[in-house]
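In what follows, every chain begins at residue 1, and chains take the letters A, B, ... in the order their sequences are listed. Note that the structure is predicted; figures quoted are calculated from it, not measured.
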Amino acid sequence: MVGKIDYKSAGDHALVAEFGNEISKAINDQVRGLSYLLENEPVKGIVETVPTYRSLMIHYNPLIIDQMSLIAELKKREEKLENLELPPPMVTEIPTLYGGEYGPDLEDVANHAGMTEGEVIKIHSSGEYLIYMLGFTPGFPYLGGMDSRIAAPRLKNPRRRIDKGSVGIADKQTGIYSLDSPGGWKLIGWTPVSLFEPGAEKPFLLKAGDYIKFRPINQDEYEKIRQAIEAGRNKWKTYPKKTEKGSM
Amino acid sequence: MSGLKIIKSGLLSTIQDGGRLGYQQYGVPVSGVMDFYAYRLANYLVGNAEEDAVIEVTMMGFAAEFLQDTVIAVTGGDLTPTLNGRPIGMWETVFVVPGDKLAFQRVKTGCRCYVAIAGGIAVPKVMGSRSTYLRGGFGGHEGRALRNGDELKIGKRKNKIEMLRDRSLADQAMEYPSAIILRVVPGPQEEAFTNEGIRDFYSGVYKVTMDSDRMGFRLEGKKITHRNKSEIISDGVAMGAIQVPGQGQPILMMADTQTSGGYPKIGNVVTSDLPKLAQAKPGDTLRFQKITVEEAEEAFGRMEKKLNQMKKTLSNGKNMLNPMEEKPDWNGDVKEEKPVNHKKEPPKLKEDLSSREKPTPEKNKVPLKPGQRKFIVRINEKEYTVLLENREKE
């Protein structure tokens, strides 16, 4: 079911199409749906669209289309959203070396959860996480669906520098740092896979609306993957998500 | 030898173009020049394509030596450009020969200027753009601000050097007052604020603080009260967005704005006022005036028409020394606001007096008073002392 879409002005060159006011997969699916629809049936004048948790921001060129006409064009397409056949989302595997020097806060997270480090790893790597949106820094995924049993508060003193590839937990969220940056997430592991390579032909590994799955690896495997990546060979796996039917 | 060499990098000098479009869905800011009006005029003057890369110079300290014959144009804020120590005109073409040194003395008006060179700055495109994104460390020259000793290459010139002689757009120069009125389209979260909060925002005077950079300007003025929560589920952010976090002081999101954010946005500064806003520096004062999307579209359409007219006239070989029939009316668009229910006086700020009046071109031509203002700016965790000519009536 597609609910009522609220069109909200964000100045004279951007418009927000809002589907609801909560973080939920159902609402995010609708955002993904509109984004997909506009890719396939473009409206002249749209420059780019930015999917977020519960809305799609549409950046457009006001010299080509004014806001009122843009809203009219979007409304014409609303009906099609109901029966839209979306391709299945993709799942990208993120090989992750948990604990030790790569995940200095794993012990802390385990203590907080009252379980062993192994149990935290098992829970963290068992789910497929929906990428609600990318932002904060280029390529950083806002992930949903973490098991609340391993939730842990942010660090009281944020680190001045966190290496890119670090996998962390902040409250009920989990994420991967896409750039070296300061941050307060509790770090539980590290992946050699790069989410963002500015100079590459395909600079981004992930896309909003797709999923990621963490796969625990050991030091040997980590080294092999790292060497393969350095040699320019992709070593990660991407596959269509199974349980999804492909329609909203 | 060709290109140019950076002698002094100055406060902050970066390579920018029209911006990096198409990657916001991946969290990549658009970046690009802060003041698109000055940028486009600079490129028109030297016969460049509209999207060619230029150097964006911030406030002071920049100096460069040319290693080849070429033609340049300096537009934007008046940072008192000199060539070999002698003042040069802005908004017009200037011929340079190897060994010529371009430098900037002090800030007269605005905050940043654009140095366009015939052929454009030749740096590789990253994701379709030559713009530097400092926080991400990519684009421009090695993904960073220019440093002393950097050498930059220049692209192929599109016109014969003779064609570019005596080109001037000085009569189209934008005024950069330090008390700025900005038109705002409300939304997308205006409902997150109390009626009083909204009224305060549109009647108050806001000062640009030191905590301002290419990503955004933090303002200080009348507190804007939220209705309930001061956070929203993160959604998209466009340049010009006015975010208001919990403490009630607005943040204006600029060229390097994050693509999404979790603070409610009371409105967006209209596109045609972004160039003026881009030239605001710490201490300048801003006032906001609500207009409709339709009015904003009309204003932008007028500005764009004017820009295209200039471009056409120049490319037809006319040198523009004969002024265009119509003078720009950037201040003419702004109607003086009649505050409704404006009982409380806005907070007394230093620059309050001048900002209460509508800025007019005449006012900006008042001769400068002696004396300078001194303040500290923080860029990339470094502090710089900036001397600023005092243009305010204290």
Considering only heavy atoms from C-beta outward, does the side chain of Lys8(A) approach that of Glu191(B) to under 4.5 Å? yes
By a 4.5 Å heavy-atom criterion (distance strictly below it), what part of Leu179(A) contacts chain B: side chain, backbone, both, or neither? side chain
Trace of the side-chain contact (heavy atoms from CB on, under 4.5 Å) decision for Met68(A) with Glu294(B): CA-CA 9 Å; Met68(A) 213 190 259; Glu294(B) 289 77 15; 3.4 Å; yes
With a 3.5 Å cut-off and no angle check, do the side chains of Asp235(B) and Thr52(A) form a donor-acceptor pair? no
Among the listed options His59(A), Glu201(A), Lys207(A), the residue most often paired with chain B at heavy-atom distances under 4.5 Å: His59(A)
Turns out that what part of Ile58(A) lies under 4.5 Å from chain B's heavy atoms comes down to neither
So for Gln24(B), is it side chain, backbone, both, or neither that comes closer than 4.5 Å to the heavy atoms of chain A? both
Below 4.5 Å from any heavy atom of chain B, which atoms of Asp180(A) appear? Answer side chain, backbone, both or neither. neither
What's the separation between atom NZ in Lys305(B) and atom CG in Leu63(A), rounded to the nearest 0.5 Å? 12.5 Å
Heavy-atom neighbours of Tyr102(A) OH exceed 12 at 6.0 Å: yes
Given that the side chain runs from C-beta out, which part of Tyr7(A) has a heavy atom under 4.5 Å from chain B: side chain, backbone, both or neither? neither
Contact class of Val237(B) relative to chain A, heavy atoms under 4.5 angstrom: backbone
Take Gln25(B) and Phe204(A), measure what side-chain contact (heavy atoms from CB on, under 4.5 Å) needs, and give me the verdict at the end. CA-CA 10 Å; Gln25(B) 62 161 309; Phe204(A) 299 94; over 6 Å; no
Can you name the closest pair of heavy atoms from Pro198(A) and Val126(B) and give their distance? O-CG1, 3.5 Å
Leading residue by heavy atom contact count with chain B [cutoff under 4.5 Å; candidates Gly135(A), Pro51(A), Ser9(A)]: Ser9(A)
Just checking Arg227(B): does its CZ atom have more than 12 heavy atoms from other residues, nucleotides or ligands closer to it than 6.0 angstrom? yes
What I'd like to find out is whether the side chain of Phe300(B) reaches to under 4.5 Å of the side chain of His13(A), using heavy atoms alone. no
Of Glu297(B), Glu190(B), Glu304(B), Gln258(B), the largest count of non-hydrogen pairs under 4.5 angstrom with chain A goes to Glu297(B)
Listing, residues 133-142 of chain B side-chain donor-acceptor contacts under 3.5 Å, not counting sequence neighbours, or none:
residue   : atom : partner   : partner atom : Å
Arg135(B) : NH2  : Asp213(B) : OD2          : 3.3
Glu142(B) : OE1  : Arg144(B) : NE           : 3.4
Glu142(B) : OE1  : Arg144(B) : NH2          : 2.9

On a heavy-atom basis, which atom in Ala10(A) and which in Ala238(B) lie closest, and how many Å separate them? O-CB, 4.4 Å
Between Gly301(B), Pro188(B), Gly187(B), which has the largest tally of heavy atom pairs under 4.5 Å with chain A? Pro188(B)
Which residue out of Ser260(B), Gly267(B), Gly236(B) racks up the most heavy-atom pairs below 4.5 Å with chain A? Gly236(B)
Note: vs chain A, highest number of non-hydrogen pairs under 4.5 angstrom among Pro186(B), Gly143(B), Ser234(B), Pro29(B) is Ser234(B)
Are the side chains of Gln67(A) and Thr292(B) in touch, meaning some heavy atoms are under 4.5 Å apart? no
Quiz: residues 34-46 of chain A side-chain donor-acceptor pairs under 3.5 angstrom, not counting sequence neighbours:
residue  : atom : partner  : partner atom : Å
Asn40(A) : ND2  : Tyr36(A) : O            : 2.8
Glu41(A) : OE1  : Lys80(A) : NZ           : 2.8

Heavy-atom pair count under 4.5 Å with chain B, highest-scoring of Pro138(A), Ser181(A), Gly11(A): Pro138(A)
At a heavy-atom distance under 4.5 Å, which candidate from Val293(B), Val28(B), Ile233(B) has the highest pair count against chain A? Ile233(B)
Is any side-chain heavy atom of Asp12(A) closer than 4.5 Å to one of Asn268(B)? no
Show your reasoning for whether side-chain contact (heavy atoms from CB on, under 4.5 Å) applies to Glu48(A) and Leu21(B). CA-CA 7 Å; Glu48(A) 57 183 313; Leu21(B) 297 174; 3.6 Å; yes
